[in-house]
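What follows is a set of notes on a single structure, which appears directly below.
Indexing begins at 1, ligand by ligand and atom by atom, following the structure's order. These numbers come from the heavy atoms of this one structure, side chains and all, not from hydrogens, waters or symmetry mates. Given the structure is predicted, the values throughout are model-derived calculations rather than measurements.
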Amino acid sequence: MSLRFNAIQNLSTNAADKTDGSSKITAIFGSNVFNLKTAREFLSDEAYKSLIASIKASQKIDRAMANQIANGIRAWAESKGVTHFTHWFQPLTGTTAEKHDSFFTLKSDGTAIEQFDGDALIQQEPDASSFPSGGLRATFEARGYTAWDPSSPAFIMDIGTGKTLCIPTIFVSYTGESLDYKAPLLKALEALNKAAVDVCNYFDKNVSKVTATLGWEQEYFVIDERLFNARPDLVMTGRTVYGHSSAKNQQLEDHYFGSIPERVYAYMRDYESESYKLGIPLRTRHNEVAPAQFECAPIFEEVSVAVDHNALLMDVMDRVARRHNLRVLLHEKPFAGINGSGKHNNWSMATDTGVNLLAPGKTPKTNLMFLTFFVNTIKAVHDYADVLRASIASAPNDHRLGANEAPPAIISVFIGQYLSKVLNDVKTRVTEKMDETDESLLKIDIHKTIPELLLDNTDRNRTSPFAFTGNKFEFRAVGSSANCSNAMTVLNVIVAETLKQFRKDVDALIEKGEKKEIAIMHIIRQYIVDSEKVLFEGDGYSEAWAKEAEKRGLPNVKTTPLALDAMVTEKAKHLFESNHIYTHSELEARHEIELEKYIKKVQIESRIMGELATSHVLPAAIRYQNMLANNIKGLKESGLKESAYSNQKQILEQISEHINKTSDQVEKMIEARKQCNNLTDTRAKAIAYQSQVKDTFFDEIRYHVDKLELLVDDREWYLPKYREMLFLR
Ligand code: ADP
Ligand code: MG
């Protein structure tokens with residue numbers, strides 16, 4: 001029996017609720033995290049203070065103190081049955097990485113002891129020379145090392161094999177170039193902090209720290225493990241390269257409104273409870289639009305913590321799915337013809353005085369502060385739309401952006417009708433000769449209109465890639481499988497850069513003798529005028545918008561290899577270098593890495609398409625072709641009229657046609673790959689893979705294979721069909 005039928009037959013035995021859903025969330029929340037409360041318990045006063053200083057004020061921890069902290073962490077971990085530790089980091093491959101070491105060691109006299117000292121906590125040298133480095137380590141130093149990031153708490157992972165203490169770290173080369181997602185993110189957050197505090201101080205001298213906040217929404221698909229295993233394309237690439245859409249799709253939208261299927265519900269409760277132990281504050285779960293698609297979202301947190309938690313969650317979701325005989329698909333487009341998955345990044349900024357800088361205030365003064373940060377964010381997105389686009393570019397996300405189901409590749413900002421009106425008012429009423437007695441300033445009566453907006457949930461444009469949703473912006477173009485760091489690094493640094501400029505511009509007017517508030521209003525007005533072409537309230541999926549955007553001169557780059565160009569323009573180099581995020585060489589290296597990732601992904605997909613066509617699809621089709629041919633021959637020999645087998649002949653002709661086309665196109669695709677592989681320039685190679693391999697062959701081959709799926713005897717078909725993967729559970 002083929003894997004496909006075996007899977008279908010065993011479906012019911014796969015379902016088993018393995019969750020103990022009885023415990024209260026508060027009873028387990030953070031129980032596997034070395035949080036401040038635990039630190040208080042396991043550390044001396046001195047060590048505790050030093051840890052706090054390092055978290056709050058980024059102060060260095062000295063060696064003696066590091067030893068104490070390490071001992072405290074080990075004592076805590078051992079009390080929970082942990083034997084191994086690992087430096088946990090987020091390499092540019094997009095997943096998380098770990099290398100386990102045990103606490104166990106031998107002293108010079110051979111005595112066995114358990115040990116975890118400050119050195120082991122602070123720095124490790126994983127033999128990680130095969131992580132992508134874009135040539136950086138070749139140029140500078142052979143190996144990289146991981147360095148403890150005290151701002152993110154240590155945690156215990158206890159799913160599957162044993163319990164492991166994980167120390168969140170950054171991954172850098174010996175000469176200091178960052179080789180991971182986390183290090184640049186931390187730098188960008190620091191840049192934002194500085195720039196935002198400087199601007200906040202116009203309004204409130206007490207603000208001394210601004211943190212960016214992130215609440216992501218993770219979309220994913222869940223399918224049965226046996227069905228998954230019978231699809232080599234899912235196993236190898238995370239998406240189905242073939243598969244005819246099923247008779248029923250998402251057109252009824254019954255999944256979106258429906259209740260969560262039992263088996264998936266059990267899985268959700270299980271990964272949620274593992275997440276709670278790890279301190280991931282998951283809050284919502286629901287079905288998504290496509291069949292077998294779901295979403296979860298946490299309460300928002302500081303960006304760096306939220307990013308770690310998302311990376312951790314993706315890992316937890318994958319591990320937990322296996323114990324339910326399920327597989328979670330985090331790919332942006334696992335199935336053609338139905339919605340793909342995204343990861344909305346809800347983002348804002350908060351002061352240490354407890355103010356959300358993107359929440360409209362109640363007084364004219366707090367509203368001016370809101371307006372300042374609101375408009376600066378819009379300006380940042382306007383000025384750096386191309387860099388923002390590059391930050392979310394990936395081979396899998398190309399299937400989504402601009403495919404009439406997800407935000408378009410055109411970066412625009414939606415702000416809703418109230419705020420559009422407010423900005424318009426500012427534009428028309430703020431004049432050159434305005435002074436503080438001028439009433440027009442006060443007539444910009446945002447404190448009256450804005451609170452209504454908070455109540456108005458209908459004013460939501462789902463088609464916008466970057467939308468204001470009441471008290472935060474929602475960056476919706478991020479891919480479901482992406483590490484949020486890239487998008488967050490760019491968003492935070494472009495806002496930082498814009499705020500820096502804002503402070504300079506306002507100061508210049510103040511020096512010329514303008515009153516502070518008036519100067520601020522003038523610059524806000526100017527920024528509105530400068531960036532209003534990025535504002536768009538209409539349907540982002542429409543053809544009309546693509547045309548309109550082109551007229552406005554907004555970039556619309558649909559493919560990753562070209563979108564990535566924006567990372568290495570003079571503008572981008574200046575942005576990243578002046579804010580100390582990336583040096584030129586780091587930027588070039590990252591560009592190279594992203595291009596290489598793209599090439600590899602397309603290459604693997606192309607290979608699996610070829611392999612499946614030749615070893616799965618064609619053999620089945622040819623057997624059926626034979627059957628039909630014999631059948632026709634038999635009918636003919638028995639002396640029947642041609643009309644008796646004319647339909648069979650037609651089917652045979654169709655099948656033969658699709659068989660020939662499939663086989664012919666696969667040959668040509670392999671040839672095209674060879675041509676691409678001869679190219680030495682990485683960018684040229686990526687573009688060639690996109691245009692000569694992917695665009696030229698993928699849809700074409702798929703068309704013929706999917707036709708064969710409909711024509712060939714169902715019993716002969718090896719690959720689980722869409723209706724089975726999406727609707728059976
Ligand atoms: P939706 O209707 O889109 O689900 P929610 O208001 O429930 O909207 O929020 C979605 C996400 O936005 C949640 O993860 C939430 O924690 C997050 N969020 C809310 N406020 C903020 C904020 N100030 N900064 C960052 N994220 C936020
Ligand atoms: Mg949302």
Open item on the list: Which of the numbered atoms in ligand 1 are under 4.0 angstrom from any heavy atom belonging to Lys472?
Closed with: 6 (O), 9 (O), 12 (O), 18 (N), 19 (C), 20 (N), 21 (C), 27 (C)
TODO: Using distance alone, decide if ligand 1 has a nitrogen or oxygen within less than 3.5 Å of any nitrogen or oxygen in Leu214.
DONE: no
TODO: Report the part of Glu217 in contact with ligand 1, treating N, CA, C, O as backbone and CB onward as side chain, heavy atoms under 4.0 Å; options are side chain, backbone, both, neither.
DONE: side chain
Open item on the list: Please report whether ligand 1 has a polar contact with Ala297, defined as an N or O pair separated by less than 3.5 Å (distance criterion only).
Closed with: no
Task: ligand 1-proximal atoms of Leu358, by part, heavy-atom distance under 4.0 Å - done: neither
- [ ] Mark yes when over 12 heavy atoms from residues, nucleotides or ligands other than Arg283 sit less than 6.0 Å from its CZ; otherwise mark no.
- [x] no
Task: For Ile299, the ligand 1 atoms whose distance to one of its heavy atoms is below 4.0 Å - done: 16 (O)
Task: Side chain, backbone, both or neither: the part of Thr213 lying under 4.0 Å from ligand 1 by heavy atom - done: both
- [ ] Report, in ascending order of atom number, the atoms of ligand 1 lying under 4.0 Å from any heavy atom of Asn356.
- [x] 23 (N)
TODO: Using the test side chain to side chain contact (heavy atoms under 4.5 Å, CB included), find all partners of Lys194 that sit at least two apart in sequence or belong to another chain.
DONE: Glu190
- [ ] Indicate yes or no: does Asp270 engage Arg323 in a salt bridge with an N to O separation below 4.0 Å.
- [x] yes
Open item on the list: Please enumerate all residues that pass side chain to side chain contact (heavy atoms under 4.5 Å, CB included) together with Val316, with sequence neighbours excluded.
Closed with: Met157, Ile159, Tyr271, Glu274, Ser275, Leu278, Val320
TODO: Please say which of Trp347, Phe475, Tyr384 ends up in a ring-ring contact (aromatic ring centres under 6.0 Å, His included) with Phe466.
DONE: Phe475
Task: Candidate list Lys379, Arg525, Lys427, test salt bridge (charged side-chain N to carboxylate O under 4.0 Å, His left out), partner Glu532, passing option - done: Lys427
